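In what follows, a structure is listed as structure tokens, so that the remarks can point back to it.
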Amino acid sequence: MLVELSVVEQRYQAVLAVIRDGVPVVQVASRFGVSRQAVHRWLRWYEAQGLAGLADRSHKPPRCSHQMDPAAEVWVLEARRRNPGWGPRRLVHEAARAGVVPVPSRSGVYRLLKRSGLIDPEARRRRDRKFKRWERGGAMELWQLDVVGGVLLADGREAKVLTGIDDHSRFIVCAGVMLRANSRAVCGHFAAAMARHGVPSEVLTDNGKVFTGRFGPRDMEVLFDRICRENGIEHLLTAPRSPTTTGKIERFHRTLRQEFLTGRTFADLPAAQRELDAWVESYNQQRPHSALGMDTPASRFVTASQGPALDSSALGGDRGGDDWISRKIAANGIISVAWQEISCGKHRAGRRVDVHVEPRTLQIWDGDELIKTVLRTSGKEVRKKRPARAS
């Protein structure tokens with residue numbers, strides 16, 4: 001009569017065969033049709049817990065590798081409820097700053113928001129493959145300026161804001177409230193921004209009448225153009241009906257409306273300016289920016305504008321550098337970097353190129369195209385090569 005042994009009895013017989021009878025583990029494993037690792041595992045269980053340790057147990061892993069900690073789930077959902085505009089990337093960043101352990105992954109946060117009905121996957125807008133992000137190589141090289149409305153006052157009037165953003169750092173250099181966006185008000189806020197932060201090399205605006213008179217009945221110089229000319233600022237204009245050219249300031253307007261203007265009414269103009277200044281201060285100094293690797297605009301603006309300057313004395317001496325600077329190609333096709341004159345070709349005259357400054361070389365890039373790589377030469381060597389001028 002055949003008797004079917006239970007799982008515990010079979011494991012016990014295998015353990016006894018090794019312990020009592022001295023049968024090698026390999027032979028015991030072959031006799032019972034299991035791996036030798038399984039026999040070793042039964043021996044450990046029997047040594048630790050006795051006969052009870054040989055009972056069958058659940059094969060469920062102690063934890064799911066992609067399951068978020070319940071405390072982290074609660075934190076993410078609560079943070080999302082307080083800040084509906086935060087996406088997975090911002091939530092992960094804020095969780096790390098708040099000391100949530102373990103920090104959830106972006107994919108885990110996305111799945112949680114989707115599971116909780118806080119994200120509509122169909123509403124996600126995929127980035128066009130043709131899209132190309134560009135920026136100036138350093139702070140104060142280019143400011144983007146524009147006017148936005150939507151500041152509602154208690155007396156029923158709607159004020160406007162002159163906004164300005166540094167192209168490299170996304171630092172808000174100007175946010176001035178005004179009742180009417182006329183030339184005097186716009187230029188007043190522009191001048192105040194330059195007095196506070198310095199004079200940029202270039203400004204980029206649309207073709208509004210407060211910014212330029214080039215497209216009116218007759219070409220004329222408006223006050224804004226005059227300020228640019230007197231301060232040595234190159235005024236760049238967007239092509240007609242091309243809002244993506246000033247994409248950074250347009251994207252800032254979206255954030256401004258979502259996080260500051262929507263659903264708010266201000267007592268008067270000074271009150272609106274005070275509250276806007278406080279919000280801009282938080283935006284510049286505390287709010288992480290996804291386009292900057294979750295750094296704050298102030299960290300990049302200060303580093304680029306107040307850190308080691310990439311001027312001729314710094315680049316021409318013995319000190320090395322590893323940074324980006326921007327140069328405009330002259331009519332003869334030449335740019336000058338650290339006392340060196342580099343030919344980029346006359347056919348590129350007027351174009352702005354980026355120069356990657358490395359300890360021993362200079363790389364000149366026109367967009368994604370590497371024009372050339374040249375060895376860096378010290379200022380003394382360059383001056384020796386120059387012919388002496390007649391006195």
Side-chain angles (χ1 to χ4, degrees), residues 83-87 89-90 93-94 125 127-128 131-136 138-152 158-178 181 185-186 189-190 192-194 196-198 200-208 210-211 224 235-238 241-264 266 272-305:
N83 305 275
W86 287 6
R89 186 175 186 180
R90 178 70 183 276
H93 178 79
E94 294 296 339
R125 184 173 58 185
R127 178 176 293 174
D128 190 349
F131 177 84
K132 176 184 176 183
R133 174 174 285 159
W134 62 274
E135 66 180 24
R136 285 289 187 260
M140 298 299 291
E141 290 190 12
L142 175 68
W143 287 3
Q144 293 187 19
L145 298 175
D146 200 1
V147 175
V148 62
V151 182
L152 302 180
E158 179 183 354
K160 299 183 183 298
V161 183
L162 174 68
T163 55
I165 188 171
D166 179 71
D167 188 86
H168 174 74
S169 63
R170 275 71 163 182
F171 187 90
I172 305 305
V173 295
C174 179
V177 185
M178 51 198 167
V186 167
H189 287 303
F190 179 45
M194 289 194 295
R196 185 163 55 250
H197 301 294
S201 300
E202 299 175 332
V203 294
L204 175 63
T205 69
D206 59 21
N207 302 302
V210 295
F211 295 122
F224 188 90
H235 185 190
L236 307 178
L237 296 174
T238 64
R241 296 177 295 279
S242 299
T244 55
T245 307
T246 52
K248 296 183 181 67
I249 196 70
E250 296 291 349
R251 180 60 181 85
F252 169 70
H253 289 170
R254 174 180 160 186
T255 301
L256 178 68
R257 293 188 185 98
Q258 289 180 342
E259 300 185 8
F260 181 74
L261 294 177
T262 302
R264 301 188 64 179
F266 304 92
Q273 186 65 67
R274 286 194 301 270
E275 294 189 41
L276 179 58
D277 289 342
W279 182 83
V280 168
E281 179 71 12
S282 174
Y283 183 96
N284 284 335
Q285 303 291 338
Q286 301 174 9
R287 185 183 187 276
H289 202 296
S290 59
L292 306 179
M294 304 309 286
D295 287 337
T296 61
S299 65
R300 195 168 184 180
F301 185 75
V302 171
T303 300
S305 60

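What you see is a predicted model, and the numbers here were worked out from it, not measured in a lab.
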request  = Check the pair V148 / R257 against side-chain contact (heavy atoms from CB on, under 4.5 Å), numbers first and verdict last.
outcome  = CA-CA 10 Å; V148 62; R257 293 188 185 98; 3.3 Å; yes
inquiry  = When you measure from the side chain of Q144 to the backbone of L204, do you find a donor-acceptor pair of N or O atoms at a distance under 3.5 Å?
reply    = no
inquiry  = So which atom in H235 and which in T205 form the shortest heavy-atom distance, rounded to 0.1 Å?
reply    = NE2-OG1, 2.8 Å
ask   = Given L256 and W279, is the side-chain contact (heavy atoms from CB on, under 4.5 Å) satisfied, shown in steps?
value = CA-CA 9 Å; L256 178 68; W279 182 83; 3.5 Å; yes
task = Calculate, to the nearest 0.5 Å, the distance between atoms CD and CZ belonging to E259 and R254 respectively.
result = 10.5 Å
Nearest-0.5 Å distance that lies between atom CG in L261 and atom CG in L152 = 8.0 Å
remark   = Output for pair (I172 CD1, Q285 CD), nearest 0.5 Å, gives 12.0 Å
inquiry  = Less than 6.0 angstrom separating the ring centers of Y283 and F301, yes or no?
reply    = no
Pairwise distance CG(D206) to CG(D146) - rounded to 0.5 angstrom = 5.0 Å
task = Grab the two heavy atoms, one from W143 and one from A193, that are nearest each other, plus how far apart they are.
result = CH2-O, 3.9 Å
note = Closest non-hydrogen atoms of F252 and I165, given as atom of the first, atom of the second and distance, are CB-CD1, 4.5 Å
task = Report yes if some heavy atom in the side chain of P288 is under 4.5 Å from a heavy atom in the side chain of R90; otherwise report no.
result = yes
message = Taking T238's backbone N and O only, do any of them form a donor-acceptor pair with N207's side chain (distance below 3.5 Å, no angle check)?
response = yes
Nearest atoms (heavy-atom pairs only) where A185 meets M178 = CB-SD, 3.7 Å
Heavy-atom check, side chain of R300 versus side chain of D166, under 4.5 Å = no
Side-chain touch R287/T255, heavy atoms, less than 4.5 angstrom = yes
message = If I compare all heavy atoms of L236 with all of E202, which pair ends up nearest, and what's the gap?
response = CD1-OE1, 3.6 Å
task = Provide the closest heavy-atom pair for F211 versus F224 in the form atom of the first, atom of the second, distance.
result = O-CD2, 3.6 Å
query = Is any side-chain heavy atom of E141 less than 4.5 Å from a side-chain heavy atom of D167?
reply = no
message = Please check this pair: side chain of H189 against backbone of V177, looking for a donor-acceptor N/O pair closer than 3.5 Å.
response = yes
request  = Starting at CG of D295, measure out to CZ of R170 and round the result to the nearest 0.5 Å.
outcome  = 11.5 Å
inquiry  = For the CE atom of M294 and the OG atom of S299, what is their distance to the nearest 0.5 Å?
reply    = 11.5 Å
ask   = Would you say the side-chain atoms of Q273 pair up with the backbone N or O of A175, donor to acceptor, closer than 3.5 Å?
value = yes
